[in-house]
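In what follows, residues are counted from 1 in the order of the sequence shown. All values reported here derive from a predicted model rather than from experimental measurement. Both counts, for ligands and for their atoms, begin at 1 and track the order of listing.
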Amino acid sequence: MSDKLYISYNQIHQLIDDAVHKYKLDTDFQPDLIIAIGGGGFIPARILRSFLKARSGQNIPIQAIGLSLYEELPNAGKDGVPEIPGVQVTKTQWLNFGGADSLISLLGRRILIVDEVDDSRKTLVYAVAELLKDIAEQEKRRGMEAGASDTEIGIFVVYNKDKEKAEELPESIMKRYYSAATTPDRWLAFPWDCTTNIAEHTELAKKSFASEI
Ligand SMILES: O=P(O)(O)OC[C@H]1O[C@H](OP(=O)(O)OP(=O)(O)O)[C@H](O)[C@@H]1O
Ligand SMILES: Nc1nc2[nH]cnc2c(=O)[nH]1
């Protein structure tokens, strides 16, 4: 048995469709801003936007942030070779706001952070902490009390690994934590990492999920 679980584009698409229905994301949390954690969160965020639009009619903007924890091994990238976790999350790209060229205000928004996998949880904890700092700074600049803007944060992940997490999210955030699927603590080989044969990868994904989940 392979130690990796192969994942296909169709599985991701279907899981996101099912999750939007299951969690009633369009009527319950009603996000009005998606923040995608790149690179793995980009494709799921875009798919999620389609399903939210189909149900609510709203085309929700997607902002991208770049966070990186995992370091590629020399032969990583060869069809889902596992990567090793780094010690700390690195910010490679962040939101553009606050200055004269400000693009977005976070205040009063219902922000949904999107990623493809919640593994150790370090990346999500980092993203939430940084976002909360930004919200607090924007509130301060507008002369508001901390928390007065009623900005809300939720999290959507396609896969949550069933394991003890290295770090925990605040309880207030966990109330709006949505995972489309739970997986065992195994390395997930995503289709966008496949550089050999995507048809073969897709077949392996069908077998992985038939036998493992
Ligand atoms: O729960 P954690 O242990 O923090 O791991 C999850 C993170 O790991 C991956 O990112 P990675 O650092 O590999 O960057 P990438 O998305 O650009 O591949 C993935 O996209 C998540 O963001
Ligand atoms: N591709 C991939 N990236 C990850 N980052 C953290 N966990 C994983 C995983 O299982 N697969």
Side-chain angles (χ1 to χ4, degrees), residues 1-13 15-16 19 34-48 62-95 111-132 153-170 173-174 177-198 200-202 204-205 207-209 211-213:
M1 185 184 67
S2 158
D3 57 351
K4 280 178 277 181
L5 278 175
Y6 289 83
I7 312 279
S8 74
Y9 287 111
N10 280 5
Q11 286 165 348
I12 292 168
H13 206 99
L15 281 173
I16 294 174
I34 290 173
I35 295 185
I37 303 180
F42 291 164
I43 294 174
R46 180 59 185 82
I47 296 169
L48 178 61
I62 300 177
Q63 291 282 324
I65 58 174
L67 298 178
S68 189
L69 174 64
Y70 289 75
E71 295 158 15
E72 296 198 354
L73 294 169
N75 58 347
K78 289 227 164 64
D79 207 7
V81 172
E83 297 166 10
I84 42 167
V87 178
Q88 64 186 42
V89 180
T90 314
K91 213 186 228 184
T92 57
Q93 183 186 336
W94 197 251
L95 303 167
I111 302 165
L112 190 60
I113 297 174
V114 176
D115 212 346
E116 90 283 29
V117 58
D118 176 5
D119 190 321
S120 70
R121 198 159 278 172
K122 281 185 175 186
T123 302
L124 288 171
V125 168
Y126 183 92
V128 167
E130 290 298 304
L131 200 54
L132 287 172
I153 298 176
I155 290 176
F156 182 95
V157 293
V158 186
Y159 297 98
N160 176 29
K161 289 195 192 177
D162 186 13
K163 65 190 284 187
E164 194 167 323
K165 303 297 186 182
E167 294 181 16
E168 293 301 329
L169 286 160
I173 304 288
M174 284 308 287
Y177 176 96
Y178 311 99
S179 66
T182 303
T183 64
D185 187 13
R186 305 248 305 271
W187 188 255
L188 306 179
F190 290 108
W192 44 79
D193 284 328
C194 170
T195 52
T196 50
N197 184 331
I198 188 65
E200 222 169 71
H201 181 107
T202 305
L204 288 168
K207 285 185 201 142
S208 276
F209 274 75
S211 63
E212 300 294 339
I213 294 194

Report task. With heavy atoms of Glu116 as the reference, note each atom of ligand 1 found under 4.0 Å away. Result -> 19 (C), 20 (O), 21 (C)
Report summary line: Any heavy atom of Thr123 under 4.0 Å from ligand 1? The part involved is both
Query raised in the report: Which atoms of ligand 1 have any heavy atom of Asp119 under 4.0 Å away?
Result: 1 (O), 2 (P), 3 (O), 5 (O)
Report summary line: Check: of Tyr159, Tyr126, Trp192, Tyr70, min heavy-atom distance to atom 5 (O) of ligand 1 comes from Tyr70
Query - Heavy-atom side-chain proximity of Tyr177 to Asn160 below 4.5 angstrom - result: yes
Requested in this report: Evaluate the side-chain proximity of Ile34 to Phe156: yes if any heavy-atom separation is below 4.5 Å, no if none is.
Outcome: no
Report summary line: Sorted by chain and number, sequence neighbours left out, side chain to side chain donor-acceptor pair (under 3.5 Å) with Glu130 holds for Lys91, Lys133
Query - Any side-chain heavy-atom pair of Thr202 and Asn10 under 4.5 Å - result: no
Report task. Could you tell me whether a side-chain N or O of Arg121 sits under 3.5 Å from a main-chain N or O of Ala166, the two making a donor and an acceptor? Result -> no
N/O contact list for ligand 2, threshold under 3.5 Å:
unit_1, atom_1, unit_2, atom_2, d
ligand 2, 1 (N), Leu188, O, 3.2
ligand 2, 7 (N), Asp119, OD2, 2.7
ligand 2, 10 (O), Lys161, NZ, 2.6
ligand 2, 10 (O), Leu188, N, 2.9
ligand 2, 11 (N), Leu188, O, 2.8

Query raised in the report: Just going by heavy-atom distances, which of Leu67, Ile65, Ile37, Val157 is nearest to atom 14 (O) of ligand 1?
Result: Leu67
Query raised in the report: Should you measure from each heavy atom of Val117, which atoms of ligand 1 turn up under 4.0 Å away?
Result: 6 (C), 19 (C), 21 (C)
**Report entry** Residue Ser68 vicinity, atoms of ligand 1 by number, heavy atom under 4.0 Å
**Finding:** 12 (O)
Report task. Using a strict cut-off of 4.0 Å, indicate which atoms of ligand 1 neighbour a heavy atom of Gly38. Result -> 16 (O), 17 (O)
Query raised in the report: Does the N or O separation between Leu69 and ligand 1 drop below 3.5 Å for any pair?
Result: yes
**Report entry** Under 3.5 Å: N/O of Gly40 near N/O of ligand 1
**Finding:** yes
Query raised in the report: Can you name the residues that form a side chain to side chain donor-acceptor pair (under 3.5 Å) with Lys122, not counting sequence neighbours?
Result: none
Query raised in the report: Ile198 versus Pro191: any side-chain heavy-atom pair under 4.5 Å?
Result: yes
Query raised in the report: Parallel under 30°, tilted from 30 to 60°, perpendicular over 60°: which one fits the rings of His201 and Tyr6?
Result: perpendicular
**Report entry** Sub-4.0 Å atoms of ligand 1 with respect to non-hydrogen atoms of Gly39
**Finding:** 15 (P), 16 (O), 17 (O)
Query - Sequence-distant partners of Asp115, side chain to side chain donor-acceptor pair (under 3.5 Å), two or more places apart - result: none
Query raised in the report: Going through the checks in order, is the side-chain contact (heavy atoms from CB on, under 4.5 Å) test met by Tyr159 and Ile7?
Result: CA-CA 10 Å; Tyr159 297 98; Ile7 312 279; 3.1 Å; yes
Requested in this report: Heavy-atom contacts with Ser120 under 4.0 Å: which atoms of ligand 1 show up? List them by number with element.
Outcome: 1 (O), 2 (P), 3 (O), 4 (O)
Report task. Among Asp185, Thr183, Asp118, Asp119, find the residue that satisfies the side chain to side chain donor-acceptor pair (under 3.5 Å) test when tested with Lys161. Result -> Asp119
Query - For Asp115, the ligand 1 atoms whose distance to one of its heavy atoms is below 4.0 Å - result: 20 (O), 21 (C), 22 (O)
**Report entry** Sidechain-backbone polar pair: Thr182 side chain, Asp162 backbone, donor-acceptor under 3.5 Å
**Finding:** no
